[in-house]
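So that the names make sense, note that chain A is the first sequence line, chain B the second, and so on, each numbered from 1.
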There are 2 protein chains.
Amino acid sequence: MARETVADMPEWCTVEVAMSVLGGKWKMLIVKYLLDGACRFGALQRALPGITHRMLSRQLRELEADGIVARRAYAQVPPKVEYSLTPIGAQLCGVSSALEEWGGRYRRAASAAAPAAGRAAGGAPEPGGTSGD
Amino acid sequence: MARETVADMPEWCTVEVAMSVLGGKWKMLIVKYLLDGACRFGALQRALPGITHRMLSRQLRELEADGIVARRAYAQVPPKVEYSLTPIGAQLCGVSSALEEWGGRYRRAASAAAPAAGRAAGGAPEPGGTSGD
DNA sequence: CAGGATCCTGTGCGATACTG
DNA sequence: CAGTATCGCACAGGATCCTG
């Protein structure tokens, strides 16, 4: 068992609940994209550069099991499946934008501190500098 | 190499930037706790139920390298080290609260859908139910 | 009290190939 | 076009012991 403990976690760690559902490399990205509107499997894959067919499929199924996304399959000859956010999934809008805003701010700071080297080897984004917005 | 690509990622995925820094099981929890104010290693460990000495140490060092937390060591005989958030780290406040809010809402929904079984085996939090805020 | 080193394990994530 | 099965690696996360 890994993270089937949503309703099982103590009161104090609601963020842990959220992270357990949105954790991983792709979940948030998928959600963020679906916030723009429902779309097909193929469209999603095209939208997530780097994700494999298998991974997208798996993440989608997990999100579905978690009640975040809804799956609508059309009984056609060329299979067509549309994914969309459930109401609770749509409410991730706030999380997504907060993450986006901070991410942008952080990257800006990181770029300012290490214009040509990312931050791999200690290039921390200058704590007391560019972050003053 | 895993995630030393902060300043290296394309424009569209700021959330990926954020997730790469805050991903993992503990980062967000540590940040969330530090948002309450600076505190010592021991206090943090006591505050994070389940985290090991080693893990906390490692996560803290990673967060420090990422410029999220600041470390202040006192040259005393019983070593005393205080951790706090850097300015950019403190700005995670919004992310943290968004996550908390959604997490709470999600758990509420999950509990409503599966009052006695979590959601391990398909207990998704009723898409069209309690989520109507 | 803080933190590093070593060892071990589960699983997240990915490449490829096959099915309907 | 969408989904699944198998295989495999690398890494996140953890237990334990050792140092200043």
Side-chain angles (χ1 to χ4, degrees), chain A residues 1-5 9 13 16 19-31 33-34 38-66 69-84 120 122, chain B residues 1-5 9 13 16 19-31 33-34 38-66 68-84 120:
Chain A
M1 293 125 188
R3 43 177 272 280
E4 31 269 75
T5 33
M9 295 171 174
C13 54
E16 195 169 359
M19 290 304 282
S20 72
V21 175
L22 307 170
K25 188 174 178 180
W26 301 107
K27 302 276 177 74
M28 266 321 281
L29 278 306
I30 294 175
V31 167
Y33 193 80
L34 286 180
C39 74
R40 303 183 50 170
F41 188 93
L44 268 177
Q45 185 165 17
R46 251 169 282 122
L48 285 313
I51 197 170
T52 60
H53 191 101
R54 182 189 179 287
M55 251 304 128
L56 180 54
S57 181
R58 178 187 287 194
Q59 303 295 309
L60 243 15
R61 256 180 302 130
E62 288 182 17
L63 286 171
E64 191 191 356
D66 283 335
V69 312
R71 196 189 113 117
R72 163 118 203 236
Y74 297 81
Q76 300 178 357
V77 175
K80 171 179 171 179
V81 184
E82 252 191 12
Y83 291 91
S84 58
Chain B
M1 290 118 194
R3 43 177 273 280
E4 29 268 75
T5 33
M9 296 170 174
C13 55
E16 195 170 0
M19 290 304 283
S20 73
V21 175
L22 306 169
K25 190 173 176 181
W26 301 106
K27 301 275 178 73
M28 263 324 278
L29 277 308
I30 294 175
V31 167
Y33 192 80
L34 286 180
C39 74
R40 305 183 47 172
F41 187 94
L44 268 176
Q45 185 164 19
R46 250 168 282 123
L48 286 311
I51 197 171
T52 61
H53 189 102
R54 181 190 177 287
M55 251 304 129
L56 181 54
S57 180
R58 177 187 289 193
Q59 303 295 310
L60 244 15
R61 256 179 302 130
E62 287 183 18
L63 285 171
E64 191 191 357
D66 282 335
I68 310 297
V69 311
R71 196 189 113 117
R72 161 117 205 238
Y74 295 81
Q76 300 179 356
V77 175
K80 170 179 172 180
V81 184
E82 252 191 11
Y83 292 91
S84 58

Inset, instruction - Determine the contact category for B:S57: base if any of its heavy atoms lies under 4.0 Å from a base atom, sugar-phosphate if only primed atoms, P, OP1 or OP2 are that close, otherwise nothing. - result: sugar-phosphate
Inset, instruction - Looking at every strand, decide which applies to B:Y74 at a 4.0 Å heavy-atom threshold: base, sugar-phosphate, or nothing. - result: nothing
Spacing of [X] atom [atom1] relative to [N] atom [atom2], expressed in whole Å:
X: B:Q45; N: D:dG14; atom1: CD; atom2: P; result: 12 Å
X: B:I30; N: D:dG13; atom1: CD1; atom2: P; result: 10 Å
X: A:L29; N: C:dC13; atom1: CG; atom2: C1'; result: 14 Å
X: A:L44; N: D:dA2; atom1: CG; atom2: C1'; result: 12 Å
X: A:E62; N: D:dG3; atom1: CD; atom2: C1'; result: 15 Å
X: A:L48; N: D:dA2; atom1: CG; atom2: P; result: 14 Å
X: B:F41; N: D:dG20; atom1: CZ; atom2: C1'; result: 15 Å
X: B:L63; N: D:dA12; atom1: CG; atom2: P; result: 13 Å

Inset, instruction - Please state whether the phosphate of D:dG13, meaning OP1 or OP2, lies under 4.0 angstrom from any side-chain nitrogen or oxygen of B:Q59. - result: yes
Legend entry - Below 4.0 Å: OP1/OP2 of C:dC1 and any side-chain N or O of B:Y83: no
When rounded to the nearest 0.5 angstrom, what is the spacing between [atom1] in [X] and [atom2] in [Y]?
X: A:E16; Y: B:K25; atom1: CD; atom2: NZ; answer: 7.0 Å
X: A:L48; Y: A:W26; atom1: CG; atom2: CH2; answer: 6.0 Å
X: B:L34; Y: B:L29; atom1: CG; atom2: CG; answer: 11.0 Å
X: B:M55; Y: B:Q45; atom1: CE; atom2: CD; answer: 12.5 Å
X: A:R58; Y: A:E62; atom1: CZ; atom2: CD; answer: 6.5 Å

Inset, instruction - Let me see the working for B:K27 and B:V21 under side-chain contact (heavy atoms from CB on, under 4.5 Å), right down to the final yes or no. - result: CA-CA 8 Å; B:K27 301 275 178 73; B:V21 175; over 6 Å; no
Legend entry - Non-neighbouring partners of A:R71 that pass side chain to side chain contact (heavy atoms under 4.5 Å, CB included), sequence neighbours left out: A:E64, A:A73, A:V81, A:Y83
Inset, instruction - Compute the bend angle of the helix from C:dC1-D:dG20 to C:dG20-D:dC1 from the end axes (five pairs per end), rounded to 10°. - result: 40°
Legend entry - Residue closer to the 5' end of DNA chain C, B:R61 versus B:R40 (nearest nucleotide): B:R40
Inset, instruction - Using the side-chain contact (heavy atoms from CB on, under 4.5 Å) rule, take A:L44 and A:L60 through it: C-alpha gap first, then chi angles, then the decisive distance, then the call. - result: CA-CA 10 Å; A:L44 268 177; A:L60 243 15; 3.9 Å; yes
Inset, instruction - Between protein and nucleotides 14-20 of chain C, map the contacts as a letter string: B base, S sugar-phosphate only, - none, heavy atoms under 4.0 Å, written 5' to 3'. - result: BB----B
Inset, instruction - Could you list all the ring pair (Phe, Tyr, Trp, His ring centres under 6.0 Å) pairs where at least one residue sits in residues 39-58 of chain B, not counting sequence neighbours? - result: B:F41-B:H53
